[in-house]
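Residues take their numbers from the sequence shown, with the count starting at 1. We use all heavy atoms of the structure for the numbers below, so side chains are in, but hydrogens, waters and symmetry mates are not.
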Amino acid sequence: MSELSESGSINSSNYNSLSAGSPLPLQEIFNGAETKCQSHYLQSRINTNYEQVKQQLKESAEKKNSSKIYSSLQHLTYYKVEKDLLETILRIIDITDDKKTLRLAYYFLGEISQFKHLINNSTEIKNITTIFNKEMQHKDISRKVVSLKTTASVAPNDVLIDANILDVISGILRKVGEDPDKTQKKKGFFTRATTDLGRERSLLQYSCFVACRNRYKNNPSLFMPIVEGIKCVDPVGARHAVSLTLNYALENPSTVAATTKRFIPLLKANKGKEAVYLVDPFARRNFIKLCGHLAATPSPIGNVITMDNKDFFQSLCQSVMDAHLSVAFYAINVLSRFSWPTLESAHIDAIQFDSELPHFESLAFQTSLIVGICNKMRIGFNTYSIGAYSNYSMQHGHHHHLHHYHQGGSGTVGGSVPSSSSSSSSSSSSSSSNLTTSAISSGSSSNSSMSNQQLLLVQQQQQQLLHQQSNPFLHLACKLISVLSQSYVKYSYPKDSTTQQPIIGDWSFDEKQYQHQSVYPYHHNLSPFTGLPNPISNINNNNTKDQSTSSSSTTTTTTTSTSTTSNSIHPFSNLTPLILNLLNISPSISIRIQALKALVWLCPSNLDQSKLYLETFRSQLRDPYHPTHLFKELFLELYKRIIATPILSPMILELVYDWIDIIPTKCDTSLICEIWKTIVEFGKVFANEKLLASIFKILDRIVHPDFRVVAMEIQKDIIKFLGEYSNQITFEQLSRFEHCKSRSGSNQQQHLSNMSLNSIIQRLQQYSIFSPWQIRLESIDSLAKIAFQSSTIVKVNIYNFLTLIPNESHGWTTVKSNTSIIVNTLDQLLTCRAKWLPLFKSSDLSQNQIKDLKNDHTNLCLQVGLFFDQLSFDYLPLGIESKKYLGSK
């Protein structure tokens, strides 16, 4: 067996004696964990250990042997360095001029920065300061840059060191002998780099900004030089300057806004002056983040766009036209944080072609911001969906799918016709495929020795590279469409004038009229070929308008608001075919999830026009390869949608049924119960009736024998939900009945509610007798919960059922003990109710009677509370008549 050396490494000779499958002893493994080597395998293959390398490095530094110093530093790369090497590394930097050696030395000095809190020796601090001052006087500009960046990270927090580094930074960012409070605004100081001196100055400025980010983020004395550093000609230096300016803006946004407004590109007031055109895409993204923060800064009149921050907001709008898609989408991401009225009223100014603006696309006329965002999205989809399509074709048969796509095959889920943009995307894919085919044929003619298999491998590698580039963009694009559509839907959906909550709306629609309407994959009144309004939709709209004109003046505000919302065009509806196309061509589950989330918010807030989206979601449920978390994400987004637009609840109830019926093994009943609970909280009779009908449809469905166990677990959760919320669904609550007595039609509402409650009770009673013992136990508990929260008539009904139910055959003994507890509790409830009801009606109770009443109330609440996760604090087991006595002292 192999043995460990004294330093904790495994000797290579002994290690090679082990067989390939023989494991190392546990003691050796634990001892090997103590080595400082970055890799145990590498440690087993080298002849030295950390202590030996460290000793060799010290000896080589004392002897000033350059070759041995370099080789020792190379061996040191296998290990994790510690603070005790600080003196040696500083000595190497002092004595050597070899760039390779200096590169490794500064690398290890940067690694030692993690121990800066342990550097408290005055000698070490003095050595760091001495080496830093010497390096800053060196004629080699690269040594100055590396020394400033590294020293700012490794030097401890000492007053003398801080003052020394600040003096060096101030000397670089300001002209020598100039007033320190005066900004260096001399023309060309940050922008001119045509000479060697200018290039060296820009590199030093870059190192100053990096040092400030590592050590002095918000130093007041460096504020103006750092803000002016946005004009730094070094792209990375400008990037760090913008990041430092953002840190200042987090503390003092008004001062930063007044100082940086002159740098905004494409601003008419800055044209020909100090406008900064950042070359680095990351610098532009940082500047967009800075503008987003300054534009969103609350003003004295609220968080709105004012004269002070409108220029920064307009800069965000102009950044949507950035030629770099990642920068443009970052701008859209920042814009999505603003309110929908602000985005709807915004615009993008015309952009003329300029040689100084190569990273901005030209725009002939002023256009709406929403239109500009849609156009940018469309360009991105047409660019990157080819990669996703190529990867999908590579996995599922390229030629067959492409032929089917161009022969009129379904380009979207649900059998709808592909849109023009989808066709352009597929044609682009076809053209790239033709180019590849021609390249293959020419390659085969010029070099016959290369096999077709090798050419196919190269083609697949190219497609894989394009697919890897398309995944992040498509993911972000779908996410942004979802966020922007959500903002629009929440703003445009009508609200109740009193509570400012979304209206429930009318959940009924004409099925016959719906079957004759044309449904398109992105909106109800746009043609998929021309993008013009659909004549059928216009006729229907005109008919609706005529009917609304001839209707009586007593039409409710709710109906008018609902019809207005349903006829409004979704601003991002033209992007829907591109999203639908992703469900066909993208094999990525994450992209599918984001595409489905976007479709949830692109769906019109109208039951007549949401049929296509219903079929799209239903088709995803039928895909056997989709993982469980995809459906959870989809229904979680649908849950958020019905909170924002309750009008779509019937569609989601249908999808819930399909989720349970098609893939019961992948459904989440806790999420389903939350959706049902939200519908119950609407407090509408028609909503509860549709919910109860959907639940009964699920319980009455035919279950395949293979899913019998899973279906039983789902049935248990549904029965538990009915036990907890049946009283709210059927309005079987004493307080509500009492509140309804003064209203007209209250008797009819109570009658309907009692019919619904009777249906629930009869089903639970049936399950309590003829189902497996697990379902029986859950049904008995649900009946008990209903009885505890219902009127006396319901209590007596359930009490009689539980006392007369058979309990000696076919496994009833498993729930006998639970039933006896419920029967005993109900018996006490009915007995106490019969005892106190005559006293409530006769006269006021005495103090002793009130005390006894409170004792009975407390005992009954404790017993009933055993059946609930959290019993309501206003629960009155003895009836609502006891409320006035329980509230008195």
Looking at [X] and [Y], would you say the former's side chain and the latter's main chain have a donor-acceptor pair under 3.5 Å?
X: K795; Y: S790; value: yes
X: N800; Y: V796; value: yes
X: S782; Y: I719; value: yes
X: K666; Y: H626; value: yes
X: S487; Y: V483; value: no
X: S768; Y: L764; value: yes
X: H570; Y: S605; value: no
X: N727; Y: E732; value: yes
X: T576; Y: S573; value: yes
X: Y493; Y: I503; value: yes

By ring-ring contact (aromatic ring centres under 6.0 Å, His included), F696 pairs with (sequence neighbours left out) none
Ion pair present between K716 and D781, side-chain N to carboxylate O less than 4.0 angstrom?
-> no
pair [X]-[Y]: side-chain heavy atoms closer than 4.5 Å:
X: S882; Y: L886; result: yes
X: L722; Y: L699; result: yes
X: S482; Y: V600; result: no
X: I660; Y: R701; result: yes
X: F788; Y: T825; result: yes
X: D668; Y: T628; result: no
X: I793; Y: N797; result: no
X: L599; Y: L583; result: yes

Of I760, I718, L653, the one forming a side-chain contact (heavy atoms from CB on, under 4.5 Å) with I695 is I718
Shortest non-hydrogen contact between [X] and [Y], atoms and distance:
X: I647; Y: L607; answer: O-CD2, 3.4 Å
X: Y625; Y: D623; answer: N-OD1, 3.0 Å
X: P650; Y: K690; answer: CG-CD, 4.3 Å
X: Y491; Y: K495; answer: O-NZ, 3.7 Å
X: I850; Y: Y885; answer: CG2-O, 4.0 Å
X: L655; Y: L621; answer: O-CD1, 4.0 Å

Just by distance, with hydrogens left out, do [X] and [Y] show a side-chain donor and acceptor under 3.5 Å apart?
X: R641; Y: T645; answer: yes
X: S756; Y: E689; answer: no
X: T730; Y: N688; answer: no

TODO: Could you walk me through whether Q849 and W836 pass side-chain hydrogen bond (donor to acceptor under 3.5 Å, both in side chains), step by step?
DONE: CA-CA 10 Å; Q849 288 175 329; W836 288 105; over 6 Å; no
* To do: Measure up the F635 and W659 rings against each other and bin them: parallel (under 30°), tilted (30 to 60°), perpendicular (over 60°).
  => parallel
(Q) Please report whether the ring centroid of F572 lies less than 6.0 Å from that of Y488. (A) no
| request: Take E654 and K697, measure what salt bridge (Lys or Arg N to Asp or Glu O under 4.0 Å) needs, and give me the verdict at the end. | output: CA-CA 10 Å; E654 291 187 34; K697 184 180 178 181; over 6 Å; no
Exactly one candidate in Y639, Y725, F721 meets ring-ring contact (aromatic ring centres under 6.0 Å, His included) with W676; the answer is F721
One should read off an interatomic distance between K835 NZ and R833 CZ, to the nearest 0.5 angstrom, of 14.0 Å
